[in-house]
Amino acid sequence: MSVNEERTVTIQDILEDEELQEAYAVLAGSDPDNCSYPQGYVKRQAVFACNTCTPRGVEPAGLCLACTNHCHDGHDIFELYTKRNFRCDCGNSKFGVFRCQLSPGKDRQNAKNHYNHNFHGCYCTCDRPYPDTEDQVNEDMIQCIICEDWYHPRHLGCTVEDSEELQEMVCETCMNKAPFLWTYATHIAEPPVVKVSPCKAEVEVNKEEDKEPDDKRMDEPCKNGGEGSSTSPSCQEKKQATNGRTACKRTHQEMTGLPVKNQDKTVYCRLRELKTQGLERAREGAVFWPYHWRAKLCTCVSCKRAYVDAGVQFLLDESDTVLAYENRGTIEQGTASLDSLLMSSLSTLDRVQQLEIVYQFNEMQSELMAFLRQLADEGKVVTAEAIHQFFGELMSRKRRQMNS
């Protein structure tokens, strides 16, 4: 194989080919040789379960990639994709006398790990295995980003949009555990919403959240995730003030969601702003979200408290996404491929040429890795167009330097 052919296989296949990105990205973000246990609860990693060691009927347990390869080679393994904040269980008390070969000194339990029926090879509300030999419908499953269970599209209770722009899904159960997400879904997600009167919207918000009376809430801006008004009377008070006629007019601050001054404090709540716009959607079925929807969540103190109470504080971290994890894996694969290409190319050059190539290669690789990490941090997909644009700009800078 020539150098040019090898270049096509390594660089193009890893950095530009979408299918290979999907195949390697999940495993590439995890260490295949060293147990992840010493790292503590890893922000996101590939997780597996061993049906040989922890079958249905015993406590569920999860394995890192390295322990799956080294300690459980030849066992019946369930591939669980990725899990957040998970610590490897291999060899702890759940495995009886079995001990981890890579990191034997582990605690008996990892109390902060979260488990579901995936760890026993079952998925979805139908509690079936995947692949399911008895299922006549051949369809890919979709993972909820909150509970991290996998669902058949036909069991999500909604129309599944076939769009590259819709990247994350939250199942109906998780939406109801964090009900404020329905308000964001009305404005950010699909399908389109229905216009309702402002009066109706405010009454529904008050009824749904079971808040204290409006006159008491007036002095409590952005309480419990931003519900309630702090600057104007309620619709009921306005109705009384107009002899039974419902004026239902709002102040400029209410209509625009501008900061509300309360004594010496200024509070702005994105959630409250959305609720004043008089839009609603059916609170049923899973919800699909577009790129960067997390960046649109309110970050006021009260809303942050609501995220913690609902156990979804990770939604404020855009690097928590599977896309960000896979991009990091793509970067690592790209780095390994570049190093392999360099070593094969240097063998045909003399010493002076080798030094010159190494210097230029390292400079290019540093710039490329910085570019890819920027894409990963921003939650963007590494596309062929992005790579071509990078090298085009790099070559332009080199030409300017040579001509100066």
Side-chain angles (χ1 to χ4, degrees), residues 23-135 140-152 155 169 171 173-174 177 311-312 314 320 322 325-326 329:
Y24 288 111
V26 173
L27 299 183
S30 298
D31 190 334
D33 299 312
N34 300 292
C35 178
S36 64
Y37 180 85
Q39 302 176 36
Y41 292 89
V42 180
K43 193 170 187 177
R44 183 169 292 282
Q45 65 175 316
V47 174
F48 305 81
C50 182
N51 191 39
T52 303
C53 298
T54 55
R56 183 185 284 265
V58 303
E59 284 190 272
L63 313 170
C64 69
L65 175 60
C67 286
T68 301
N69 291 338
H70 295 273
C71 304
H72 299 265
D73 184 31
H75 291 190
D76 183 15
I77 298 296
F78 297 130
E79 300 180 14
L80 307 183
Y81 200 48
T82 71
K83 301 289 184 183
R84 71 168 58 84
N85 299 329
F86 198 88
R87 197 174 196 185
C88 181
D89 287 320
C90 179
N92 67 13
S93 62
K94 296 184 176 184
F95 290 81
V97 297
F98 182 89
R99 290 292 175 264
C100 178
Q101 302 173 21
L102 302 179
S103 182
K106 296 180 178 178
D107 294 338
R108 291 180 56 82
Q109 299 277 342
N110 294 314
K112 296 181 180 179
N113 281 355
H114 292 283
Y115 307 92
N116 58 19
H117 62 168
N118 295 171
F119 289 82
H120 286 139
C122 295
Y123 309 88
C124 191
T125 55
C126 60
D127 198 36
R128 295 293 300 171
Y130 182 85
D132 188 351
T133 57
E134 298 179 8
D135 190 354
D140 293 331
M141 303 186 80
I142 305 173
Q143 187 181 37
C144 171
I145 64 168
I146 293 182
C147 67
E148 297 188 308
D149 195 0
W150 290 82
Y151 295 86
H152 297 103
H155 295 153
M169 183 273 287
C171 69
T173 299
C174 289
K177 288 180 179 178
V312 296
F314 52 82
D320 165 80
V322 174
Y325 169 86
E326 290 181 345

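Computation of the quantities below employed the complete heavy-atom set of this structure, encompassing side-chain atoms and omitting hydrogens, waters and symmetry-equivalent molecules. This structure is a prediction, so every number in the text was calculated from the model and none was measured. All residue numbers refer to positions in the sequence shown, counting from 1.
- Contact check for C147 versus C171: side-chain heavy atoms found under the 4.5 Å cut-off.
- Residue pairs that meet the salt bridge (Lys or Arg N to Asp or Glu O under 4.0 Å) test with at least one member in residues 143-152, sequence neighbours left out, are R44-E148, R84-E148.
- Annotation: K177, atom NZ; neighbour count of heavy atoms from other residues, nucleotides and ligands within 6.0 Å does not exceed 12.
- Across every non-hydrogen atom of K83 and N116, the tightest pair is NZ-ND2, 4.0 Å.
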Legend entry - Step-by-step side chain to side chain contact (heavy atoms under 4.5 Å, CB included) determination, D135 to Y130: CA-CA 9 Å; D135 190 354; Y130 182 85; over 6 Å; no
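- Of all the heavy atoms in S103 and Y37, the pair that sits closest is OG-CD2, 4.0 Å.
- Taking CD of Q101 as the reference point, atom SG of C90 lies at 7.5 Å (rounded to 0.5 Å).
- Among residue pairs with one or both ends in residues 101-130, those qualifying as salt bridge (Lys or Arg N to Asp or Glu O under 4.0 Å) are R128-D132, R128-E134; sequence neighbours excluded.
- Partners of Y81 under the side chain to side chain contact (heavy atoms under 4.5 Å, CB included) rule, at least two apart in sequence or in another chain, are V26, Q143, W150, V322, E326.
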Scan the side chains in residues 65-74 for donor-acceptor partners under 3.5 Å anywhere in the protein, sequence neighbours excluded, and list what turns up.
from	atom 1	to	atom 2	distance (Å)
T68	OG1	C64	O	2.8
N69	ND2	L65	O	3.4
H70	NE2	P32	O	3.4
H72	ND1	H75	ND1	3.4

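- Taking every heavy atom of both residues into account, L63 and C50 meet most closely at CD1-CB, 3.9 Å.
- A distance of 4.5 Å separates CG of N110 from CG of D89, quoted to the nearest 0.5 Å.
- Of the possible donor and acceptor atoms, none in the side chain of T54 sits under 3.5 Å from a partner among the backbone N and O of P60.
- Checked against ring pair (Phe, Tyr, Trp, His ring centres under 6.0 Å), F86 has the following partners two or more places apart in sequence or in another chain: Y115, F119.
- Separating the OH atom in Y151 from the CD1 atom in I142 is a distance of 11.5 Å, to the nearest 0.5 Å.
- When the side-chain hydrogen bond (donor to acceptor under 3.5 Å, both in side chains) test is applied to S93, the partners found at least two apart in sequence or on another chain are Q109.
- Proximity of Y41 to N113: side-chain heavy atoms (C-beta onward) are separated by under 4.5 Å at one or more points.
- Heavy-atom neighbours of D33 CG from other residues, nucleotides or ligands within 6.0 Å: above the threshold of 12.
- F314 contributes atom CZ, which lies 6.5 Å from atom CG of D320 (distance to the nearest 0.5 angstrom).
- Residues C124 and H155 share a closest heavy-atom pair of SG-ND1, 3.3 Å.
- Side-chain contact between N51 and F78: present, with at least one pair of heavy atoms (C-beta onward) separated by less than 4.5 Å.
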